Amino acid sequence: MESGNHKQTLMMNFISLYNKHKDKWWALPFVLPFLLYPITQYLSAYGQVNDYEIPFYYLNMALMTALTMIYGVKALPGIMLCLFYRVYPDRGFEPAIMSLIHYFTSAAISCAGYYYFTGKRGVASFGRYNLTWQRIFWLVFVNATLFLHYYHAELYLGLFGIHGSQMYVSPFTTRTLINYQGMLVGNMTGLPMCYLVIRSIRTPTYLGKYFRKIRSQVAEDLRLPELLCFFGSLITLTMLMVLPRSHTLMLMNSVYTLTLLLPVMIWGTLRLGHAAISLVWWVLLIVLCNNFHSYIPEDANYQLHLAVASSCFVAFSITITLMAINISRQRALNIKTKRLTSIDPIVHLPNLLALNSDLNKNTVSILCQLYIPELELLGRHYGLLMQIQYKQQLAHFLQPVLGKGEVIYTNSVLDLIIRLCPLHAEKRIDELHNRAKKFRFIRDGVKLYPQIGCSYCIINYPVGHLYLLIGELRALAEISLATNLPVDMRKQSSRLVQNQVKVKVDMMNQLQRALELGRFILMAQPIENKNGERYHEVLLRMRGNRDEIIFPDTFLPLANEFGVSSDIDLWVLNNTMKFMDKTRNSQPNQRFAINLTPASICRMDMANLIENMLVQYGIAPEQIVLEVTETDELTNNQQAVKTLDALQRLGCKIAIDDFGTGYASYARLKNMHADILKIDGSFIHNILSSEMDYKIVQSICELARMKNMTLVAECVETDEIRNTLFAMDIDYIQGYLIAKPVPIESLQATV
């Protein structure tokens, strides 16, 4: 045991020492040239043209460039000593020095130009689209061109001695062309591979990163049969080219077969991406270039065939490289776009699209919905940013209790949905709910902890009803708010929940249809004083799908919930004023009271919209009474106060509707500037039999008179109640005793 620990300690010390010194000039930069040069020399291919040896596929220059690219000046000692060691024994001191100069000068200049235009990002691995053209120009074209020119200049000056293969000949020959093309294709394909090998030796984990890159670049729909078909075609064509000429398919055993390789490689490029196809093409080039004697006949046109094959390799390499990089980039952009569409851009959590996709990848899942209704109220007071931060921090707070593969998704502003594994579901849900209740959101030093409802269900693959299911979970989560316990959909009446959701969705569709087609009905109920003078309150009804009449207590709460109540108010205002304009000759002094919801009062442009309507239809502002329902949604709301002040300055009358039942009624009466006060009918019904109701109405009257407000009593149904109210100096009464609501068009007929 102690021996094992000792070995482990030694290994850790060695790794630490290696990581500390590996990039010193005397470490890897010095060792790698000696280690890799023999390999690249062996993999390079050479041919004989007019008794001269020329490189058909040259990898040595790619190795030196890759070393210079990664290590910079640190690579200089290793490269120089390696080249001197390889050249000096065969050619002598002066040719060895010349080799050092033209190898290193071309690599140094090309790398310097490359890094000048790319900066630090130039050291990134191969396959980057934005670096492609700089790499091709500087590291391939400029590098090979400088190398060849230096080489021919040294031959011309006789600096390589009298070695037979190093005698100067005119550069404008087929031999020079083949030499140049061999260096181009060697740099084009060899640089990425040398870079991969050096980076993998330097950092072994880079190899794993490279294979992950291969996996990410491969087409998602690629299957094993297609992969086998591709490699089978490639191997077959290669074997036909490099096998001896004993078979009968002589046409395939020629340069012609190279043209057949291109469509196969393009097929592989489209399906595999840059990282994988670069390896495949590099291996294929090594095999083809080292066996070119098998498919290039040594006849009178041997040099021409060699030049054509070499040019094909260059053209194919450029085509495959550019196409592979472009395909990989496009595939990466598609993956990024797909990922972005699955992330909520505001909360930065996975959305319902991601949830639907993940559910279809799992046979069985548990869906848990956390519902925080008070976020809406907090958002109105603290802003949208508070809601976003709350959900983000709550999601982060819940992460420790989530297992592998379990994810938190965002739905609406008020919901979080969690996908859990089905193992020990109830225990996991209780743990999750308890942790959620412990969450405290701190804002300006104040801890906020809205109540959180929790519901859950089991869901099986495939999922075809996700959005309906989420609506059902929301309804169950509302039940959880009352019980303070998670609610299991299996233990609830699923049909009841489904019906509630269905009714809600159906009503919302009818509401939208009524807004689009004007399927609302304006009703009018008179409000009368003791002298018989009256004005009318406009009441709203909606016509259903079967032309049935739907009352506002059915559809208005839904309109408030889905944010269309303001649109309904504008419809009522517009159509009421249109009626007044139409009947101005028969009823010139008619007045109408119109209800405004809190959403309308809080709109910044509401006063301007009403003013424009008054101007459009030629209605005097004094003919309009705007009734505001007394709710806590207007408490301390500066915009509501501004809107009401603007309407009063315009000349409209402001009435407080249903006074006595809302939030902080007397505080509202004290601070709010209104013209009319409507006493809620719940105090009027029993005013003769309940001394408490009588005293309340009496106190309201006294306070209203102190503020010079007109008083209106609602729900007056008997003569006794009417007489009592007028005795209390109530100005106007409204109710069935006076008249029931009638369609507004009938008012014209009664004149």
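What you see is a predicted model, and the numbers here were worked out from it, not measured in a lab. Only this structure's heavy atoms are used, side chains among them; waters, hydrogens and symmetry mates stay out.
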**Request:** Any side-chain hydrogen bond (donor to acceptor under 3.5 Å, both in side chains) involving residues 611-625? Give me the pairs, sequence neighbours left out, ordered by first then second residue.
**Result:** Asn574-Tyr617
**Asked** Given side chains that start at C-beta, do those of Gln510 and Phe555 come closer than 4.5 Å, heavy atoms only?
**Response** no
**Asked** Run the side chain to side chain donor-acceptor pair (under 3.5 Å) check on Asp344 and Tyr409 step by step: do they pass?
**Response** CA-CA 9 Å; Asp344 186 274; Tyr409 307 83; over 6 Å; no
**Asked** side chain to side chain contact (heavy atoms under 4.5 Å, CB included) with Asn589: which residues, sequence neighbours excluded?
**Response** none
**Contacts of type ring-ring contact (aromatic ring centres under 6.0 Å, His included), residue Phe439, not counting sequence neighbours** = Tyr390, Phe397
**Request:** For Arg428 and Val401, indicate whether the former's side chain and the latter's backbone hold a donor-acceptor pair under 3.5 Å.
**Result:** yes
**Request:** Report yes or no: does Thr341 contribute a side-chain atom to a donor-acceptor pair with the main-chain N or O of Thr337 at less than 3.5 Å?
**Result:** yes
**Message:** Give me the atom names and distance for the closest heavy-atom approach of Ala674 to Ile656.
**Reply:** CB-CG1, 3.8 Å
**Request:** With sequence neighbours left out, write down each residue that passes side-chain hydrogen bond (donor to acceptor under 3.5 Å, both in side chains) with Asn560, or none if nothing qualifies.
**Result:** Ser565
**Prompt:** Taking only residues at least two apart or on different chains, which pairs with a member in residues 531-540 satisfy side-chain hydrogen bond (donor to acceptor under 3.5 Å, both in side chains)?
**Reply:** Glu528-Arg534, Asn529-Glu533, Glu537-Asn595, Glu537-Lys678, Glu537-Gln734
**Message:** Taking the side chain as everything from C-beta on, heavy atoms only, tell me whether Phe592 gets closer than 4.5 Å to Leu522.
**Reply:** no
**Asked** Quick check: does any side chain N or O of Asn360 sit under 3.5 Å from a backbone N or O of Asn356, one acting as donor and the other as acceptor?
**Response** yes
**Message:** Any non-hydrogen side-chain atom of Tyr456 less than 4.5 Å from a side-chain atom of Glu426?
**Reply:** yes
**Fill in**
Arg474 meets the side-chain hydrogen bond (donor to acceptor under 3.5 Å, both in side chains) criterion, sequence neighbours left out, with Ser412, Asp415
**Message:** Can you give me the closest heavy-atom contact between Ala713 and Ile684, atom names plus distance?
**Reply:** CB-CD1, 4.0 Å
**Request:** Would you give the length of the straight line joining atom CD1 of Ile744 to atom OG1 of Thr583, rounded to the nearest 0.5 angstrom?
**Result:** 8.0 Å
**Complete:** CG (Leu573) and CD1 (Ile619) are apart, to the nearest 0.5 Å, by 11.5 Å
**Asked** For Leu481, does its backbone N or O pair with a side-chain atom of Gln451 as donor and acceptor, under 3.5 Å?
**Response** yes
**Request:** Decide yes or no on side chain to side chain contact (heavy atoms under 4.5 Å, CB included) for Ile470 and Gln369, but give the supporting numbers first.
**Result:** CA-CA 8 Å; Ile470 289 173; Gln369 180 152 342; 3.7 Å; yes
**Prompt:** Within the side chain of Ser480, is there an N or O that forms a donor-acceptor pair under 3.5 Å with the backbone of Leu485?
**Reply:** yes
**Message:** Nearest 0.5 Å, please: how far is NE2 in His685 from CD1 in Ile721?
**Reply:** 8.0 Å
**Request:** Would you please name every residue forming a side chain to side chain contact (heavy atoms under 4.5 Å, CB included) with Asp567, sequence neighbours left out?
**Result:** Leu515, Val564, Arg603
**Minimal non-hydrogen separation, Leu375 against Met386, with atom names** = CD2-CE, 4.2 Å
**Request:** Please name the residue in the list Ile594, Leu614, Asp675 that meets the side chain to side chain contact (heavy atoms under 4.5 Å, CB included) test with Cys652.
**Result:** Leu614
**Request:** Return the set of residues passing side-chain hydrogen bond (donor to acceptor under 3.5 Å, both in side chains) with Thr643 (not counting sequence neighbours), or none when no residue passes.
**Result:** Gln639
**Message:** As a quick check of understanding, evaluate side chain to side chain contact (heavy atoms under 4.5 Å, CB included) for Ile738 and Ile733, giving each step before the final call.
**Reply:** CA-CA 8 Å; Ile738 307 301; Ile733 59 174; 3.7 Å; yes
**Prompt:** Can you list every pair that meets salt bridge (Lys or Arg N to Asp or Glu O under 4.0 Å) and has a residue in residues 687-705, with sequence neighbours left out?
**Reply:** none
**Message:** Using only atom types and a distance under 3.5 Å, with no angle test, would you say the side chain of Glu714 pairs donor to acceptor with the backbone of Gly735?
**Reply:** no
**Fill in**
For Met728 and Ile687, the nearest pair of non-hydrogen atoms, with its separation, is SD-CD1, 4.0 Å
**Prompt:** How long is the span from the CG atom in Asp719 to the CG atom in Leu737, to the nearest 0.5 Å?
**Reply:** 5.0 Å
**Asked** With sequence neighbours left out, what residues match Arg546 under side chain to side chain contact (heavy atoms under 4.5 Å, CB included)?
**Response** Glu548
**Request:** Applying side chain to side chain contact (heavy atoms under 4.5 Å, CB included), name anything that partners Lys338, two or more places apart in sequence or on another chain.
**Result:** Glu220
**Message:** Taking the side chain as everything from C-beta on, heavy atoms only, tell me whether Phe520 gets closer than 4.5 Å to Leu540.
**Reply:** yes
**Request:** Please step through side chain to side chain contact (heavy atoms under 4.5 Å, CB included) for the pair His673 and Leu644, ending with a clear verdict.
**Result:** CA-CA 8 Å; His673 300 289; Leu644 295 176; over 6 Å; no
**Item:** Taking every non-hydrogen atom, the tightest pair across Val487 and Leu476
**Value:** CG2-O, 3.8 Å
**Message:** Contact between Ile676 and Leu711 at the side-chain level, heavy atoms closer than 4.5 Å - yes or no?
**Reply:** no
**Request:** Measure the CG-CD1 distance between Leu596 and Ile568 for me, rounded to the nearest 0.5 Å.
**Result:** 12.5 Å
**Complete:** When every non-hydrogen atom of Leu626 is compared with those of Ile610, the smallest separation belongs to CD1-CD1, 4.0 Å
**Request:** Step by step, work out the side chain to side chain contact (heavy atoms under 4.5 Å, CB included) result for Cys457 and Leu473.
**Result:** CA-CA 8 Å; Cys457 69; Leu473 286 173; 4.1 Å; yes
**Prompt:** Under a 4.0 Å N-O cut-off, is there an ion pair linking Arg722 with Glu717?
**Reply:** no
**Asked** Quick one: does NZ or CZ of Lys582 land under 6.0 Å from the six-membered ring centre of Phe579, within 45 degrees of the ring axis?
**Response** no
**Item:** Side chains of Ile550 and Arg541 in contact at under 4.5 Å (non-hydrogen atoms)
**Value:** no
**Message:** Less than 4.5 Å apart, side chain to side chain, heavy atoms only: is that true for Arg513 and Met508?
**Reply:** no
**Message:** I'd like to know if Arg584 pairs up with Asp581 as an ion pair, taking the criterion as any Lys NZ or Arg NE/NH1/NH2 lying under 4.0 Å from an Asp or Glu carboxylate oxygen.
**Reply:** yes
**Message:** Does any part of the side chain of Leu402, heavy atoms only, come nearer than 4.5 Å to the side chain of Ile408, both counted from C-beta?
**Reply:** yes
**Item:** Which residues share a side-chain hydrogen bond (donor to acceptor under 3.5 Å, both in side chains) with Asn708, sequence neighbours left out
**Value:** none
**From OG1 (Thr410) to CG (Leu394), nearest 0.5 Å** = 10.5 Å
